[in-house]
Amino acid sequence: MGASGPIATTTAVTDNAWHHAVLTASATGQSLYLDGKKVGSIAGAVSEQSRDYAYLGAGYASDSWMGVANGEYHYKGQMDEVAIYGHALDASTIAEHYAARTAISQMTKVTLPSGRVHAAASYDPASGRLTQHTDDHGGIWKVSAPS
């Protein structure tokens, strides 16, 4: 909670897509980042509310801070891959987290600087699980489906 009022943004997140949101706070204020970009901030010390619980997907608001009735307000959406840090995150760290969110393809081989293939892997296209590993000596290891 900041001394200067709520963080406001006009960026819509009601587009039926996943978004990367970060709320970071320090002794001097709070900043809200959406999809790697700062969309709002407030200055002032973050006051500790002496609550018994931390909120995830909900929060406590008050007339004195947000201009709404005192009480808990709940997020009406889905959350995934939540991380909580014991320190404030800077803009470059938040941008790196956002950039790292995209999926990468599976590694199918490891090639040494000499050009020799050190290892190779095959995957089940439906499950994405490893089905075969070829080691650096040409040994083939088959992995059966889990049971």
Side-chain angles (χ1 to χ4, degrees), residues 1-136 141 143 145-146:
M1 225 171 274
S4 302
I7 297 174
T9 178
T10 58
T11 306
V13 293
T14 54
D15 57 0
N16 208 24
W18 285 102
H19 291 277
H20 181 256
V22 176
L23 177 63
T24 187
S26 68
T28 58
Q30 294 181 65
S31 295
L32 177 63
Y33 291 78
L34 185 61
D35 296 334
K37 296 184 178 105
K38 187 176 185 180
V39 295
S41 64
I42 53 175
V46 176
S47 61
E48 200 278 311
Q49 289 294 308
S50 299
R51 303 276 179 224
D52 293 331
Y53 305 98
Y55 291 95
L56 180 61
Y60 184 80
S62 68
D63 179 51
S64 64
W65 182 58
M66 296 184 67
V68 297
N70 292 355
E72 291 180 7
Y73 289 82
H74 296 269
Y75 176 71
K76 295 177 175 107
Q78 297 177 3
M79 291 186 178
D80 186 27
E81 301 180 30
V82 173
I84 299 172
Y85 296 86
H87 59 277
L89 298 179
D90 62 21
S92 63
T93 301
I94 293 167
E96 288 172 6
H97 285 190
Y98 178 67
R101 83 203 182 290
T102 56
I104 59 171
S105 57
Q106 295 167 322
M107 182 169 49
T108 57
K109 68 180 176 178
V110 176
T111 306
L112 298 174
S114 65
R116 185 172 68 85
V117 175
H118 180 72
S122 299
Y123 301 89
D124 178 293
S127 69
R129 290 190 174 109
L130 181 71
T131 57
Q132 181 175 301
H133 170 77
T134 305
D135 66 24
D136 60 338
W141 303 83
V143 181

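Being a predicted model, the structure only gives us computed values, none of them experimental. FYI, side chains are in, hydrogens and waters are out, and symmetry mates aren't considered; it's all heavy atoms of this structure.
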Trp18 CH2: over 12 foreign heavy atoms closer than 6.0 Å: yes
Test log, rule side chain to side chain contact (heavy atoms under 4.5 Å, CB included), inputs Val39 and Tyr33: CA-CA 6 Å; Val39 295; Tyr33 291 78; over 6 Å; no
Any Lys109 side-chain heavy atom under 4.5 Å of Thr134 side chain: no
Stepwise side chain to side chain contact (heavy atoms under 4.5 Å, CB included) test for Val143 and Gln132: CA-CA 6 Å; Val143 181; Gln132 181 175 301; over 6 Å; no
Other residues, nucleotides, ligands: >12 heavy atoms within 6.0 Å of Gln78 CD: no
Residue pair His20, Asp35: steps toward the side chain to side chain donor-acceptor pair (under 3.5 Å) verdict: CA-CA 5 Å; His20 181 256; Asp35 296 334; 5.8 Å; no
Result block: side-chain N/O donor-acceptor pairs under 3.5 angstrom for residues 120-129, not counting sequence neighbours:
| unit_1 | atom_1 | unit_2 | atom_2 | d |
| --- | --- | --- | --- | --- |
| Tyr123 | OH | Met107 | O | 2.7 |
| Asp124 | OD1 | Ala126 | N | 2.7 |
| Asp124 | OD1 | Ser127 | N | 2.9 |
| Ser127 | OG | Arg129 | N | 3.2 |

Validation row: Thr111, Arg116 side chains within 4.5 angstrom (heavy atoms): no
side-chain hydrogen bond (donor to acceptor under 3.5 Å, both in side chains) against Asp80, all qualifying residues, sequence neighbours excluded: none
CA sep, side-chain torsions, deciding dist, call: Lys38, Leu32, side chain to side chain contact (heavy atoms under 4.5 Å, CB included): CA-CA 6 Å; Lys38 187 176 185 180; Leu32 177 63; over 6 Å; no
Value rounded to 0.5 Å, distance of CE in Met79 from CG in Leu56: 5.0 Å
Exercise answer: donor-acceptor pairs, residues 87-100 side-chain atoms, under 3.5 Å, sequence neighbours excluded:
| unit_1 | atom_1 | unit_2 | atom_2 | d |
| --- | --- | --- | --- | --- |
| Asp90 | OD1 | Ser92 | N | 3.4 |
| Asp90 | OD1 | Ser92 | OG | 3.2 |
| Asp90 | OD1 | Thr93 | N | 2.8 |
| Asp90 | OD1 | Thr93 | OG1 | 2.7 |
| Tyr98 | OH | Arg101 | NH2 | 3.2 |

